[in-house]
Amino acid sequence: MALNVSFEFFPPKTDEAEQTLWKAIRRLEPLNPSFVSVTYGAGGSTRERTHATVKRIVEETRLKPAAHLTCVGATKDEVDAVIRDYWDAGVRHIVALRGDMPDMGAYAPTPGGYGSTPELIEGIRAIGAFEVSVSCYPEKHPDTPTLDADIDLLKRKIDAGATRAITQFAFDTDAHIRFLERARRLGVKVPVVPGIMPTTNFKGIQRMAARCGASVPMWLRERFEGLDDDLETRKLIAATVAAEQVERLQAIGFDNFHFYTLNQADLTYAICRILGIKPGDKPLEAAA
Ligand code: FAD
């Protein structure tokens with residue numbers, strides 16, 4: 001079965017970071033991803049930078065960009081203005097999210113803002129015929145009482161117009177499989193796209209995983225153990241771990257994968273090559 005990939009980037013803060021980002025975009029572009037997405041900082045803190053990055057992707061590449069957008073830190077009018085700007089810039093895909101508070105504290109809806117992701121999706125769809133992707137959580141979102149409550153919310157996001165769910169990264173591949181089975185049983189029909197996190201920074205992974213409720217399996221700890229000063233081996237392990245995960249998920253029918261690139265192309269590029277994805281394999285239109 002043919003594999004489709006998409007790549008996620010974050011907007012750069014400095015000129016140097018901008019160069020790193022664009023080097024990554026240029027290296028991954030020939031792999032013809034279905035789309036590339038650009039994140040939106042917690043509390044809307046990167047609004048201008050996200051917009052500028054997405055606009056530059058539209059203007060200077062053949063890639064289809066998706067702009068992440070959250071409900072946090074802006075009124076409905078302000079969020080609507082951002083959505084209209086995207087439409088005017090030729091952007092047709094938004095990743096719609098609740099988002100987190102700027103200090104990552106307990107979530108509270110912004111006064112006068114969109115109160116939830118389904119509401120935001122309705123707002124987006126009222127402005128233009130955007131494709132809308134949303135998040136989902138194989139190991140459950142930390143704010144959710146049960147996985148079924150999370151899946152119920154996912155269904156409401158789909159009813160509001162979302163057509164794709166991208167998962168939070170989960171190193172426990174069985175969690176992805178169980179989640180998909182449960183979501184399908186509870187009536188989720190849209191594609192569920194596993195989010196793949198290729199990274200050599202094991203300490204960073206542990207911090208991120210703790211924040212978003214993802215587990216870090218013992219076998220993964222053991223693979224990275226004692227390699228703090230050995231970047232080369234960590235790179236090989238990271239590429240192998242991610243490729244093994246994709247191959248296992250592909251074997252049971254997943255055929256779309258979203259890579260959290262962290263603006264570093266090399267690992268994602270190597271993983272795609274292991275998976276048999278080569279530059280120019282298919283025209284961009286066919287990758288959609
Ligand atoms: P939802 O799926 O809408 O909700 C998650 C849980 O929060 C719900 O199950 C519910 O229990 C609870 N909840 C929902 N609404 C409320 C409410 N009004 N009051 C209290 N609790 C509520 N973050 C960013 O800041 N920028 C990004 O660009 C970004 N991109 C992401 C991309 C993906 C693919 C994923 C998986 C996550 C991303 N995140 C991003 C992280 C995300 O914003 C956080 O996980 C956030 O805590 C939840 O947002 P959501 O859209 O996933 O929430």
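Numbering of ligands and ligand atoms starts at 1, following listing order. These values consider heavy atoms only, across backbone and side chains, with no hydrogens, waters or symmetry-generated copies.
Here the protein heavy atom with the shortest distance to atom 33 (C) of ligand 1 is Tyr260 OH, 3.9 Å. Nearest to atom 43 (O) of ligand 1 among the protein's heavy atoms is Gly99 CA, 3.2 Å. Considering only non-hydrogen protein atoms, atom 4 (O) of ligand 1 sits nearest to Leu153 CD2, 3.3 Å. At the top of the distance list for atom 2 (O) of ligand 1, counting protein heavy atoms only, stands Lys157 NZ, 2.6 Å. Protein heavy atom nearest atom 3 (O) of ligand 1, with residue, atom name and distance: Thr117 OG1, 2.6 Å. In terms of protein heavy-atom proximity, atom 32 (C) of ligand 1 is closest to His68 CE1, 3.7 Å.
Between Asp100 and ligand 1, at least one pair of N/O atoms sits closer than 3.5 Å. For Asp150, a nitrogen or oxygen atom sits less than 3.5 Å from a nitrogen or oxygen atom of ligand 1, counting backbone and side chain alike. Residue-to-ligand polar distances place Thr144 within reach of ligand 1: an N/O pair is separated by less than 3.5 Å. At under 3.5 Å, not a single nitrogen or oxygen of Cys136, backbone or side chain, sits near a nitrogen or oxygen of ligand 1. At under 3.5 Å, a nitrogen or oxygen of Gly115, whether backbone or side chain, sits near a nitrogen or oxygen of ligand 1.
Taking the charged nitrogens against the carboxylate oxygens, Arg248 and Glu244 have no contact shorter than 4.0 Å, which rules out a salt bridge. Comment: Asp148 engages Arg182 in a salt bridge, judged by a side-chain N to carboxylate O separation of less than 4.0 angstrom. Looking at Lys235 and Glu232, a side-chain N of the basic residue comes within less than 4.0 Å of a carboxylate O on the acidic one, giving a salt bridge. Contact check on Asp143 versus Arg98 returns a salt bridge, with a Lys/Arg side-chain nitrogen under 4.0 Å from an Asp/Glu carboxylate oxygen. We find that Arg27 and Asp266 are joined by a salt bridge, their nearest charged nitrogen and carboxylate oxygen being less than 4.0 Å apart. Taking a cutoff of 4.0 Å between a charged side-chain nitrogen and a carboxylate oxygen, Arg26 and Glu29 qualify as a salt bridge.
The residue among Arg156, Met101, His141, Glu119 with a heavy atom at the shortest distance from atom 5 (C) of ligand 1 is His141. If you check each of Ser135, Ala66, Pro102 against atom 35 (C) of ligand 1, the one with the closest non-hydrogen atom is Ser135. Among Leu154, Val38, Thr46, Leu97, the residue whose heavy atom lies nearest to atom 31 (C) of ligand 1 is Leu97. Nearest-heavy-atom check against atom 28 (O) of ligand 1 across Tyr107, Tyr137, Tyr40, Tyr114 picks out Tyr40.
Between Phe254 and Phe257, the ring planes are tilted. Angles from 30° to 60° get that label. Ring-plane geometry between Phe224 and Phe202 is classed as parallel, the angle between the planes falling under 30 degrees on a 0 to 90 degree scale with a further cut at 60.
The salt bridge (Lys or Arg N to Asp or Glu O under 4.0 Å) pairs that include a residue from residues 123-132 are Glu131-Arg164, where partners are two or more places apart or lie in different chains. A ring pair (Phe, Tyr, Trp, His ring centres under 6.0 Å) check over residues 97-124, counting only residues at least two apart or in different chains, returns nothing.
Contact annotation: for Arg98 versus ligand 1, heavy atoms closer than 4.0 Å belong to both the backbone and the side chain. Neither the backbone nor the side chain of His258 has any atom closer than 4.0 Å to an atom of ligand 1 (non-hydrogen atoms only). Using a 4.0 Å cut-off between heavy atoms, Thr39 contacts ligand 1 through both its backbone and its side chain. Contacts of Phe10 with ligand 1, taken as heavy-atom pairs under 4.0 Å, are absent altogether.
Within the structure, ligand 1 lacks Cys212 among the residues with a heavy atom less than 4.0 angstrom away. Residue contact check for ligand 1: Val95 places no non-hydrogen atom closer than 4.0 Å to it.
In this model, no donor atom of one side chain and acceptor atom of the other lie less than 3.5 Å apart for Arg234 and Asn201. When only modelled atom types and interatomic distance are considered, Thr50 and His68 share no side-chain donor-acceptor pair under 3.5 Å.
The six-membered or imidazole ring of Tyr86 lies near that of His51, with a centre-to-centre distance under 6.0 Å. Checked against the 6.0 Å centroid criterion, the rings of Phe35 and His258 qualify as a close aromatic pair.
In this structure, atom 9 (O) of ligand 1 has protein heavy atoms in its sub-4.0 angstrom surroundings.
Ligand-side atoms of ligand 1 in range of Asp143: 7 (O), 11 (O), 12 (C), range being under 4.0 angstrom from any heavy atom. Residue Ile166 approaches ligand 1 through these ligand atoms, each under 4.0 Å from one of its heavy atoms: 34 (C).
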